[in-house]
Structures are given as structure tokens and as C-alpha cells.
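Before I ask anything, here is the structure I am working with.
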Amino acid sequence: MGKSALAIDLAGRFDTDIINADSRQVYKEMCIGTARPSPAQMAVVRHHLAGVRSVRDRYNASLFETEVLELLSLLYTRKDAVIMAGGSGLYIDAVCGGIDEFPPVDRRVREKLREIHRERGLEAIKLMLLQADPEYYHKTDLNNPMRILKALEITEMTGRPYSSFLTGEKKTRNFTAIKVGVDLERSQLYDNINRRVDLMMESGLLEEAASLMPYKGLNALNTFGYKEIFLYLEGRISLDEAVDLIKRHTRQYARRQLTWFRRDKGVRWFHPGEADEIYEYVLNKIEQHELAGD
RNA sequence: GGUGCCAUAGCUCAGUUGGUAGAGCAACGGACUGAAAAUCCGUGUGUCCGUGGUUCAAUUCCACGUGGCACCA
């Protein structure tokens with residue numbers, strides 16, 4: 001869509017830094033396949049939280065929330081505004097409104113529950129959820145094993161139903177978020193995506209992915225751009241098929257991002273080329289906010 | 001040149017003992033509280049290749065044509 005380039009443009013105008021809101025660009029080993037900003041771009045504008053973790057590390061929306069809040073308290077001593085850019089909606093919402101706190105989950109508990117799911121299927125874990133947390137059972141998507149497993153993990157760890165941790169409260173922050181979304185014609189978006197993937201291949205995505213093959217079981221590598229190359233390296237599909245799949249999966253992800261942000265009525269939508277208009281919009285918002293005396 | 005098989009959704013293919021059709025993938029829409037580039041849900045009007053014939057009725061049967069594939073020359 002052109003989020004990164006727009007963010008760099010705006011960061012220049014506001015003389016500020018960018019915080020990366022992308023769940024896969026945090027991994028230092030995943031560079032080409034996540035289109036992490038280039039060293040040249042990073043030299044122009046300071047980017048935070050890109051390439052700061054290993055694929056072997058556990059990372060999630062809550063850790064991101066914590067890290068960004070710490071970072072922001074630091075940045076706001078020097079900057080009036082900070083730009084956060086990326087497509088990971090849950091991560092952005094965690095920063096802007098917070099997510100409820102859960103206790104950490106023991107690896108063995110997680111493994112045990114996954115094994116039950118693997119061996120006895122969805123019905124088995126659904127039944128467990130019905131007993132452990134009927135409230136959540138009636139509320140959640142029962143076809144989605146990840147949701148069920150998550151709830152069971154927390155219930156198992158604490159002896160309390162998962163739903164008792166869900167307050168739905170929006171946390172107050174000491175900053176105001178001005179949200180800007182970008183969208184453009186599908187045909188053009190898809191052209192951009194196809195071109196971007198071709199460029200990744202020219203830049204050595206195959207080699208990067210091949211070097212990460214030993215980690216293919218890790219969550220970080222359950223990512224389009226990598227998993228398709230793994231299929232190729234295993235001889236299951238041709239390289240052309242892999243590239244086509246990467247393009248397709250990237251397109252589908254772009255649509256899912258739109259679905260997420262469209263739900264947020266606080267987002268103001270622009271064409272990615274409207275940098276001037278976006279700058280004006282943000283300036284006005286800041287001004288209104290200051291007049292309101294906040 | 002001859003013979004046989006095939007032609008149905010964007011793609012791969014089911015199917016209709018004759019009453020105008022449905023799966024997977026794609027596409028589109030949606031959901032989303034520590035795996036989120038993850039995971040999950042919903043949406044199927046298409047000259048059923050063309051023309052003619054048989055029939056109350058043809059995408060289905062028959063003939064011819066067109067295109068593809070295979071085999072024989």
C-alpha cells in the first residue's frame with residue numbers, strides 16, 4: 001500500500017522517529033521477506049523495534065505494548081509527535097488502548113493442550129472449554145482452535161476462567177493517537193504487491209529463507225514469504241509456484257489488514273499519495289487537541 | 001487423412017437415469033484480547049463450446065461443426 005514510504009515522508013515533516021508496528025519485522029533474521037526498511041531509509045529516519053529480536057525469541061502483542069510504551073516515554077522527552085507505522089492491527093490496538101493482562105503460560109501446559117487438540121481433535125478441546133469457561137464458550141468462535149487453546153491455557157494456569165480476565169477496558173494513555181489509513185485501487189495494490197515480491201526474489205529471498213529452514217517450525221517463520229519457499233526447498237512445489245503463492249498470500253493479507261482497520265471508526269482514510277493532505281489533517285488534529293487544552 | 005476421448009464458475013474438476021447445476025482453490029466480505037504476515041467464518045446466475053434435430057422439456061440423447069488431447073496412418 002505504501003505505508004513505509006509515507007511514514008518516512010511524514011517523519012521528515014514532523015522531524016521525528018518511526019516505531020515499527022509490524023509483527024514480523026521485529027525479527028532480525030527476517031529482512032528481505034518482511035520488506036524491513038533498508039539501511040539507507042533507516043539512516044534518513046530513525047526506526048525503532050525493527051530487527052530487534054531473534055526468530056528464536058518469543059514475541060507477542062503484549063510484549064510489543066510494553067516495549068512501545070517504554071520507548072514512547074523516552075521519545076516524548078525529545079519529540080512532540082511520534083509516528084507508528086505498520087499493518088499489525090492487534091499490535092497497534094494494544095499500544096493505543098491496551099490489552100488485558102494474563103499470567104504467563106508454562107510451555108508444558110501449552111504443549112499438553114496442543115497435543116490433545118492434535119490427537120483428539122477440535123471436539124475434545126471444545127468440550128474442555130465448555131467445562132472450564134462456559135461464558136467464553138458461548139462467546140467465542142468455536143471453529144478456531146487457537147482461540148480455544150488460548151482460553152484453555154489461561155484457565156489451566158490460573159484455575160480461573162479465561163473470560164474473568166477479559167475486562168474489555170480501554171486503558172488511558174498519556175498520548176493521543178491520530179489514526180491514518182491508506183487504501184488504493186485494488187488493481188494498483190496488486191501490481192505493487194506482485195512487483196514487491198519479484199523484487200524480493202531478486203534481492204535474495206530464496207537464500208534468506210533457505211538459511212532459516214532450520215527454524216521453520218517456529219512461529220516467526222509461519223509467515224508468507226518464507227513458508228512457501230520452504231515448500232519449494234522440500235521439493236513439494238516449483239519455485240514459480242512458490243512465488244505465485246507468496247504474491248497471493250500477500251494480497252490476502254493486505255485485504256485482512258483493510259478489514260481490521262475499517263472496523264476502527266477513528267481511522268481517517270487517504271490515498272497513499274496524499275502525503276500533503278495527510279500532513280494537513282494531522283496538523284489540524286494536533287491543533288484541535290491543543291485548543292481543547294489537553 | 002482416420003479413429004477414439006474430452007469441452008460445465010477466473011482455474012482444476014464433479015454432476016444432472018432429460019425438469020437449466022456444485023466442490024476445492026481463486027475472488028469478494030467479515031471476525032479478531034500474549035501465535036495476529038497467525039487463526040477462523042460467510043458469499044456460487046455460470047450463453048453447462050456452437051448450430052440443428054428428437055422431446056411437453058436438452059447442459060444431459062442424436063447429427064454436424066469448432067477447439068483440445070491421445071492413438072493409428
Side-chain angles (χ1 to χ4, degrees), chain A residues 1 3 20-27 30-36 53 55 57-68 86-107 109-111 113-114 117 122 125-126 133 136 139-154 157-158 161-171 186-187 189-190 193 196-197 200 205 209 215 217-229 237 241 244-264:
Chain A
M1 208 69 89
K3 296 186 291 289
N20 184 61
D22 188 304
S23 71
R24 296 298 131 114
Q25 284 184 20
V26 297
Y27 299 111
M30 296 162 70
C31 183
I32 298 167
T34 62
R36 197 198 299 159
R53 292 298 175 100
V55 292
D57 296 332
R58 192 91 151 265
Y59 202 74
N60 58 50
S62 180
L63 286 167
F64 182 78
E65 175 194 15
T66 306
E67 284 182 12
V68 171
S88 300
L90 180 65
Y91 281 35
I92 292 169
D93 285 358
V95 169
C96 294
I99 48 179
D100 290 315
E101 277 176 37
F102 309 139
V105 173
D106 190 82
R107 263 196 57 216
V109 170
R110 171 164 296 180
E111 277 313 307
L113 288 166
R114 284 191 203 186
H117 176 227
L122 185 64
I125 59 171
K126 272 164 73 172
D133 188 348
Y136 192 66
K139 205 170 71 175
T140 194
D141 176 2
L142 292 171
N143 285 312
N144 193 331
M146 279 194 185
R147 298 273 144 71
I148 296 173
L149 288 170
K150 176 75 213 157
L152 289 175
E153 283 172 6
I154 301 298
M157 284 305 295
T158 62
Y162 175 65
S163 54
S164 71
F165 290 91
L166 303 176
T167 67
E169 275 168 25
K170 203 166 143 57
K171 301 210 173 105
R186 279 300 156 91
S187 60
L189 171 64
Y190 289 175
I193 287 170
R196 163 170 143 148
V197 173
M200 283 178 180
L205 179 59
Y215 306 111
L218 296 174
N219 176 248
L221 276 310
N222 183 196
T223 300
F224 60 76
Y226 297 87
K227 55 185 176 188
E228 299 86 351
I229 302 271
I237 58 176
E241 283 170 324
D244 282 346
L245 275 176
I246 293 170
K247 289 174 178 173
R248 182 188 302 166
H249 292 153
T250 307
R251 282 184 238 128
Q252 293 172 337
Y253 175 55
R255 292 203 295 107
R256 264 179 280 134
Q257 288 182 336
L258 284 170
T259 300
W260 182 284
F261 294 114
R262 276 195 286 237
R263 187 174 56 156
D264 187 340

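Here is how names work: the chains are called A, B, and so on, in the same order as the sequence lines, proteins then strands, and each is numbered from 1. Just so you know, these numbers use all the heavy atoms, side chains as well, and skip hydrogens, waters and symmetry mates.
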Using the C1' atoms only, state how far C69(B) lies from U60(B), rounded to an integer number of Å.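 Nearest-Å result for U60(B) against C69(B) at atom C1': 23 Å.
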Taking the minimum atom-to-atom distance to the side chain of Leu149(A), which one of A35(B), C28(B), G34(B) wins?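 Selected nucleotide: A35(B).
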Would you indicate which nucleotide in U33(B), A35(B), A38(B) comes nearest to any side-chain atom of Lys227(A)?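 Nucleotide nearest to Lys227(A)'s side chain: A38(B).
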Taking only the side-chain heavy atoms of Gln252(A) (C-beta and beyond), determine which of U39(B), C40(B), A27(B) contains the nearest atom.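 It is A27(B).
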Syn versus anti for G34(B), judged by chi lying within 90° of 0?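 What G34(B) shows is a syn base, its glycosidic angle lying within 90° of 0.
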Check every atom of A35(B), A38(B), A36(B) against the side chain of Tyr91(A) and return the nucleotide holding the closest atom.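 When the side chain of Tyr91(A) is considered, A36(B) is the closest of A35(B), A38(B), A36(B).
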Any side-chain N or O of Asn60(A) less than 4.0 Å from the OP1 or OP2 oxygen of A38(B)?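 No, outside the criterion.
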Looking only at atom P, what distance separates A7(B) and C48(B), rounded to whole Å?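 So the two P atoms sit 14 Å from each other.
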So what does Gly33(A) touch, heavy atoms closer than 4.0 Å: a base, only the sugar-phosphate, or nothing?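 Base contact.
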Would you say that Leu189(A) contacts Met1(A) through its side chain, given a criterion of any heavy-atom pair below 4.5 Å between the two side chains?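 The answer is yes, as the side chains (C-beta and beyond) meet within the 4.5 Å cut-off.
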For G42(B), take OP1 and OP2 only and decide whether either is under 4.0 Å from a side-chain N or O of Asn143(A).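 No, no such contact exists.
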Using a 4.0 Å heavy-atom cut-off across all strands, classify Gly168(A) as base, sugar-phosphate, or nothing.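 Result for Gly168(A) = base.
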Is the number of heavy atoms from other residues, nucleotides or ligands within 6.0 Å of CD (Glu111(A)) greater than 12?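 Yes, enclosed.
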Any side-chain heavy-atom pair from Val95(A) and Ile92(A) closer than 4.5 angstrom?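 No, their side chains stay 4.5 Å or more apart.
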Using atom C1' of each nucleotide, how far apart are U51(B) and U47(B) to the nearest Å?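 About 13 Å, rounded to a whole number of Å.
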What's the closest nucleotide to the side chain of Leu90(A) if the choices are U39(B), A36(B), A35(B)?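 The closest nucleotide is A36(B).
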Parallel under 30°, tilted from 30 to 60°, perpendicular over 60°: which one fits the rings of Tyr59(A) and Tyr91(A)?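 Plane angle between 30° and 60°, so tilted.
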Keeping the roles fixed (side chain from Lys171(A), backbone from Ile99(A)), state whether a donor-acceptor pair exists under 3.5 Å.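 Yes.
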Measuring from atom CD of Gln25(A) to atom CZ of Arg36(A), what distance do you get when rounded to the nearest 0.5 angstrom?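 If we round to the nearest 0.5 Å, Gln25(A):CD and Arg36(A):CZ are 7.5 Å apart.
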Identify whether any heavy atom of Thr250(A) sits under 4.0 Å from a base atom; if not, whether one sits that close to sugar-phosphate; answer base, sugar-phosphate or nothing.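 Answer is nothing: Thr250(A) stays at 4.0 Å or more from every strand.
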Short side-chain N/O contact to C28(B) OP1/OP2 from Tyr190(A), under 4.0 Å: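 Checking C28(B) against Tyr190(A), a side-chain N or O does come within under 4.0 Å of OP1 or OP2.
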Pairing of RNA chain B as dot-bracket, 5' to 3': ( ) intra-strand, [ ] crossing, | other strand, . unpaired, with Watson-Crick or G-U pairs under 3.5 Å? (((((((..((((.....[..)))).(((((.......))))).....(((((..]....)))))))))))).
Any side-chain heavy atom of Ile148(A) within less than 4.5 Å of one from Leu122(A)?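 Yes, close enough: below the 4.5 Å cut-off.
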Does Arg251(A) have a side-chain nitrogen or oxygen under 4.0 Å from the phosphate oxygens OP1 or OP2 of A26(B)?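 No.
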With a cut-off of less than 4.0 Å, is there a side-chain N or O of Lys150(A) near OP1 or OP2 of A36(B)?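 For Lys150(A), the contact criterion (side-chain N or O under 4.0 Å from OP1 or OP2 of A36(B)) is not met.
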Nearest-nucleotide pick for Tyr162(A), side chain only, options being U33(B), A38(B), C40(B):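 Per side-chain heavy atoms of Tyr162(A), the pick is U33(B).
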Quantified in whole Å, what is the C1' atom distance between nucleotide G44(B) and nucleotide A21(B)?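 Between the two C1' atoms, the distance is 11 Å.
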Nucleotide nearest Arg255(A) (side chain, heavy atoms from C-beta), chosen from U33(B), C28(B), A36(B):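 Side chain of Arg255(A) sits closest to C28(B).
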Pairing residues for Tyr253(A) by the ring-ring contact (aromatic ring centres under 6.0 Å, His included) criterion, not counting sequence neighbours: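 Scan of Tyr253(A) (ring-ring contact (aromatic ring centres under 6.0 Å, His included), adjacent residues dropped) gives Phe224(A).
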Go through A35(B), A36(B), A31(B) for me and flag the one nearest to the Thr259(A) side chain.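 Out of A35(B), A36(B), A31(B), the nucleotide with an atom closest to Thr259(A)'s side chain is A31(B).
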Would you classify Arg110(A) as touching base, sugar-phosphate or nothing, given that sugar-phosphate means primed atoms plus P, OP1 and OP2, and contacts are heavy atoms under 4.0 Å?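 Sugar-phosphate contact only.
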Just to be sure I understand the rule, does Asp93(A) reach a base, reach only the sugar-phosphate, or reach nothing, if contact means heavy atoms closer than 4.0 Å?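 The residue Asp93(A) makes no contact with any strand.
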Considering just the side-chain nitrogens and oxygens of Arg256(A), establish if one lies under 4.0 Å of OP1 or OP2 belonging to A38(B).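 So the side chain of Arg256(A) is within the cut-off, an N or O lying under 4.0 Å from OP1 or OP2 of A38(B).
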Under 4.0 Å between any heavy atoms, over every strand shown, what does Asn222(A) touch: base, sugar-phosphate, or nothing? Just pick one.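 Sugar-phosphate contact only.
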Looking at Gln257(A), does any N or O in its side chain come under 4.0 Å of the phosphate oxygens OP1/OP2 on A36(B)?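 For Gln257(A), the contact criterion (side-chain N or O under 4.0 Å from OP1 or OP2 of A36(B)) is not met.
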On a whole-Å scale, what distance lies between the P atoms belonging to C64(B) and C5(B)?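 Those two atoms are separated by 13 Å.
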Distance check, P atoms only: A36(B) and U43(B), in whole angstrom units.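 One P to the other, the span is 29 Å.
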In terms of the angle between their ring planes, are Phe102(A) and Phe165(A) parallel, tilted or perpendicular, with boundaries placed at 30° and 60°?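 If you compare the ring of Phe102(A) with that of Phe165(A), the planes turn out perpendicular.
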Could you please name the option among C28(B), G34(B), A27(B) that lies closest to any side-chain atom of Glu101(A)?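 Nucleotide nearest to Glu101(A)'s side chain: G34(B).
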Using the P atom in both, what is the distance from U45(B) to A23(B), to the nearest Å?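 One P to the other, the span is 11 Å.
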At less than 4.0 Å, is any side-chain N or O atom of Arg58(A) found next to OP1 or OP2 of G34(B)? Yes or no.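 Checking Arg58(A) against G34(B): no side-chain N or O falls below 4.0 Å of OP1 or OP2.
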So which one's nearest nucleotide on RNA chain B is more toward 5', Thr34(A) or Phe102(A)?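 That would be Phe102(A).
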Think Tyr226(A) has a side-chain N or O under 4.0 angstrom from the OP1 or OP2 of A38(B)?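 No, Tyr226(A) has no side-chain N/O under 4.0 Å of OP1/OP2 on A38(B).
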For the pair Thr140(A) and Arg147(A), evaluate side-chain hydrogen bond (donor to acceptor under 3.5 Å, both in side chains) and give the outcome as yes or no after the intermediate values. CA-CA 7 Å; Thr140(A) 194; Arg147(A) 298 273 144 71; 5.5 Å; no
Can a side chain N or O of Arg147(A) be found less than 4.0 Å away from OP1 or OP2 on U33(B)?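 So the side-chain polar atoms of Arg147(A) do come within 4.0 Å of the phosphate oxygens OP1 or OP2 of U33(B), strictly under.
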Once you apply a heavy-atom cut-off of 4.0 Å, does Thr223(A) come out as touching a base, just sugar-phosphate, or nothing?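 Touches a base.
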Given the C1' atoms of A14(B) and G46(B), what is the spacing between them in whole Å?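 Comparing C1' positions in A14(B) and G46(B) gives a spacing of 15 Å.
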Using a 4.0 Å heavy-atom cut-off across all strands, classify Phe64(A) as base, sugar-phosphate, or nothing.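 Since no nucleic acid heavy atom lies under 4.0 Å of Phe64(A), the category is nothing.
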In whole Å, what is the span from the CD atom of Gln25(A) to the P atom of A38(B)?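 From Gln25(A) CD to A38(B) P: 14 Å.
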